[in-house]
Structure formats: C-alpha cells, structure tokens
Amino acid sequence: MRAVNYGLLLLNQYRPIRVSGFVRRIMSGSDYSSGFDQPRLVVKKVLAKPQREGDGAVVRRSIGRSELKNLDPFLMLDEFSVSPPAGFPDHPHRGFETVTYMLQGAFTHQDFAGHKGTIRTGDVQWMTAGRGIIHSEMPADEGTQKGLQLWINLASKDKMIEPKYQELLSEDIKRAEKDGVEVRVIAGESMGVRSPVYTRTPTMYLDFTLKPRAQMHQSISESWNSFVYVIEGEGVFGSANSSPVTAHHVLVLGPGDGLSVWNKSSKPVRFVLIGGQPLNEPVVQYGPFVMNTQKEIDQTFEDYHHCKNGFEMAKYWRSQ
C-alpha cells in the first residue's frame, strides 16, 4: 500500500485547493490547519495484539475483537504474518466481502468453483463471497508473508448474490504523489485518481505514505464511518496537537468532512485510511457467516452441512 505525496512548501501564506476529494494546502512550515469545516478527530484507539488464527498463522486483529466488535459496514481487519506450512486451509464464507492486500510475499488462493491464483506484494484481491464460497489461502513463497485482510458487510439484498472476484496487480493500482505524500487508491478516489474497483457497499480504501515533515488532508463523505490503521512509522492524526500514534494501532474517526495527518517524525509513516457507508442493518455473525437474523445463520449452517443453496460444490472439493 502506498500513499499520495503531500509536503511542505515554505511560503508565508497558504490557500486551500480541493482536488477530487483531496484538499491540498500550501502553507508555511509552522501552519498545522486542517482545511476542513469539521475535521475528523480520533475517538478511539485500539492496539492490535498478535493472536493465532487458521493453521498456525499469526494475525493482529484490530476490528472484530472485544474492544472494537465492528464498525459498520466493516466486520474485521487483520494484519497477518504467515510462514509455511502455516496458513488458512479450506474454510467457508457467506454474506460479506473480503479484501486481501499483500504487503510482503505472496499468497495462493483457490476455491471450490475452480478459481485459483496468486497475489503478490502490492496486489489486491476483492472477493465477494455472497451466497457462499469455500476456499483456502496459503503462503506461495518461503519466508514470512504479510498483508491486510478486511471484511466488509453486504446489505441484506446482496447477501445471496453469486460470488465474484476483482483482482488488481500492484502495477495496475492507481497512484499519485505530491510534496512528500504518496497514495495508492485501492477503492474510491484521492488526488484526482480513482480506482476501477466496484464496491457494492460504498467504500474508500487508501494506502498513504508520508515522508518526514509532510502532511495530508483527505476529504471523507460525512455520512460514512471511517478509520485508520497504522502499518509502520508514527503519525499525528486528526489534530496537530495530538500525540503521535505508532504501528499496529487502529484509530476510529469521529464525524466530520475530512482527515488531516502530519508526519512530525524523522522517518516515513505508512497507514491505510478506510471508510464506508453504514448499512444500518442488524448483524448476526457466527465465525465466517454474517447474516441479518439468527434464522438466516441457522439456514446457512444447514446449507453448508448439506452442500446446498450455494455450497453444492463443497461435497467433493478439497484444495490441492
């Protein structure tokens, strides 16, 4: 993941310039204004601690744990670190989407419908599980494979649609760079650059890297929920007077029309900014199944165990 480059032009005055969702601010080195009518501030900070998942894999779960059960429409965010032979062998999903973003190494994915592929550093797989998928996700190389996996809920009208994949190679992900800020636009828009990914649940997924002394101001739809996950380095988020936040923290953002970030450190900071339109629907989750009612969860278990209603191909399939 990368970011849009913003920096400091040492001028005695500034003026805001709106560029397709990104507010560029030309400023003096001592100016820390946000450029928003209502800047989004950090209302909750959670450290993602390592835990075991799958078959010997280690993840840092930030959303989807007791301190932050979910953030509508987001159900889970894991930063995974996996070395062979550990991984995520055959397992089902229904009712939501998974977005896998490789930060280092490679993962091979295969499912019961015959889809198989490998995503490598910087690649993205956007999988709509819909009415049902059984798949495996396993390391493709030696050494440690790292990445992020985000779970996005689907509206009740979309939970039983046919599964679908959108896959982006690293070189095909739109990016922009300006004044010490770099962005990779996985979903949504920033710095006049728009991702081709179709999001059934309206979503923004931006990967930013800020060089030392750079700052950025990204507008966010006021009706959306949003958060930041810090991948490496440390940054100041929301308010210029707030304390720096280090890697592996998720920051839930309050209401407002945009986020400002400052890098006051001597090293780059890298983070993802993710936002989405809340569904405002009941969420009933049992592991990899996410529906709206307990009755629908019960039906999902029946479908899964009897290989029907979306799980027909599960009866004889095993990953290779």
Side-chain angles (χ1 to χ4, degrees), residues 1-6 19-22 48 60 62-63 71 73-80 96-107 109 117-129 137 145-154 164-178 181-210 216-221 224-233 235 237 247 250-251 253 258-259 261 268-277:
M1 300 195 298
R2 294 256 169 100
V4 181
N5 275 347
Y6 251 54
V19 184
S20 300
F22 200 99
R60 288 180 176 268
S62 49
I63 298 175
L71 183 66
F74 307 110
L75 303 163
M76 189 193 81
L77 178 68
D78 279 354
E79 179 184 2
F80 57 85
F96 61 99
E97 298 183 301
T98 69
V99 183
T100 306
Y101 184 25
M102 292 303 300
L103 302 177
Q104 173 185 306
F107 250 56
H109 164 277
T118 299
I119 55 174
R120 303 186 181 277
T121 303
D123 296 349
V124 172
Q125 181 197 73
W126 199 294
M127 183 187 81
T128 303
E137 301 158 291
Q145 327 297 310
K146 296 181 179 181
L148 300 175
Q149 187 169 95
L150 176 70
W151 289 13
I152 307 173
N153 201 8
L154 287 171
K164 182 180 179 181
Y165 293 91
Q166 299 176 81
E167 294 179 334
L168 289 176
L169 298 177
S170 179
E171 57 265 31
D172 296 328
I173 293 176
K174 305 293 185 181
R175 66 188 72 196
E177 185 174 349
K178 185 75 174 179
V181 180
E182 182 188 3
V183 68
R184 305 185 84 218
V185 184
I186 295 168
E189 184 176 4
S190 183
M191 285 290 284
V193 173
R194 175 172 291 276
S195 168
V197 168
Y198 170 68
T199 59
R200 282 170 181 77
T201 302
T203 303
M204 172 181 69
Y205 193 141
L206 306 174
D207 174 9
F208 282 103
T209 301
L210 274 64
M216 57 134 280
H217 309 279
Q218 172 67 46
S219 62
I220 303 168
S221 177
W224 289 15
N225 288 330
S226 60
F227 68 92
V228 164
Y229 185 75
V230 184
I231 299 171
E232 59 185 358
F237 297 86
V250 65
L251 308 175
L253 304 177
L259 172 69
V261 182
V269 59
R270 185 183 184 188
F271 60 91
V272 290
L273 170 58
I274 297 173
Q277 178 68 54

Please report the C-alpha distance between T121 and L103 in whole Å, then the side-chain angles of each, then the deciding distance to 0.1 Å, and finally whether the side chain to side chain contact (heavy atoms under 4.5 Å, CB included) criterion is met.
CA-CA 5 Å; T121 303; L103 302 177; over 6 Å; no

Could you give me the CA-CA distance, side-chain angles and deciding distance for R194 and V185, then say whether side chain to side chain contact (heavy atoms under 4.5 Å, CB included) is met?
CA-CA 7 Å; R194 175 172 291 276; V185 184; 5.9 Å; no

Should the pair F107 and F80 be assigned to parallel (<30°), tilted (30 to 60°) or perpendicular (>60°) ring geometry?
tilted

Are any of the side-chain heavy atoms of [X] and [Y] separated by less than 4.5 Å?
X	Y	result
D172	P196	no
F74	I152	yes
I119	H109	no

For a quick test of reading the model, state the closest non-hydrogen atom pair linking [X] to [Y] and the distance between them.
X	Y	result
R200	T128	NH1-OG1, 3.4 Å
A48	Y229	CB-OH, 4.0 Å
W224	P202	CZ2-CB, 3.7 Å
T201	Q277	CG2-O, 3.8 Å
V250	F227	CG2-CD1, 3.6 Å
A176	V193	CB-CG2, 3.9 Å

Measuring from atom [atom1] of [X] to atom [atom2] of [Y], what distance do you get when rounded to the nearest 0.5 angstrom?
X	Y	atom1	atom2	value
Q149	D78	CD	CG	7.0 Å
T199	Y205	OG1	OH	13.5 Å
T98	E137	OG1	CD	6.0 Å
D123	M102	CG	CE	8.5 Å
L71	N225	CG	CG	4.5 Å
I63	L75	CD1	CG	9.0 Å

Evaluate side chain to side chain contact (heavy atoms under 4.5 Å, CB included) for M216 paired with L210, printing each intermediate quantity in order.
CA-CA 8 Å; M216 57 134 280; L210 274 64; 3.9 Å; yes

Worked verdict on F208 versus V261 for side chain to side chain contact (heavy atoms under 4.5 Å, CB included):
CA-CA 10 Å; F208 282 103; V261 182; over 6 Å; no

Please confirm whether the backbone N or O of [Y] pairs with a side-chain atom of [X], one donor and one acceptor, at under 3.5 Å?
X	Y	value
Q166	Y198	yes
Q145	A106	yes
R184	S170	yes

Candidate list I231, V230, I186, test side-chain contact (heavy atoms from CB on, under 4.5 Å), partner V272, passing option:
I231

Residues which pass ring pair (Phe, Tyr, Trp, His ring centres under 6.0 Å) with W126, listed by chain and number, not counting sequence neighbours
none

Restricting to side chain to side chain contact (heavy atoms under 4.5 Å, CB included), what partner residues turn up for S226, sequence neighbours left out?
R40, I220, L253

Pair Q218, S190: side-chain N/O donor-acceptor within cut-off below 3.5 Å
yes

Pairing residues for R60 by the salt bridge (charged side-chain N to carboxylate O under 4.0 Å, His left out) criterion, not counting sequence neighbours:
none

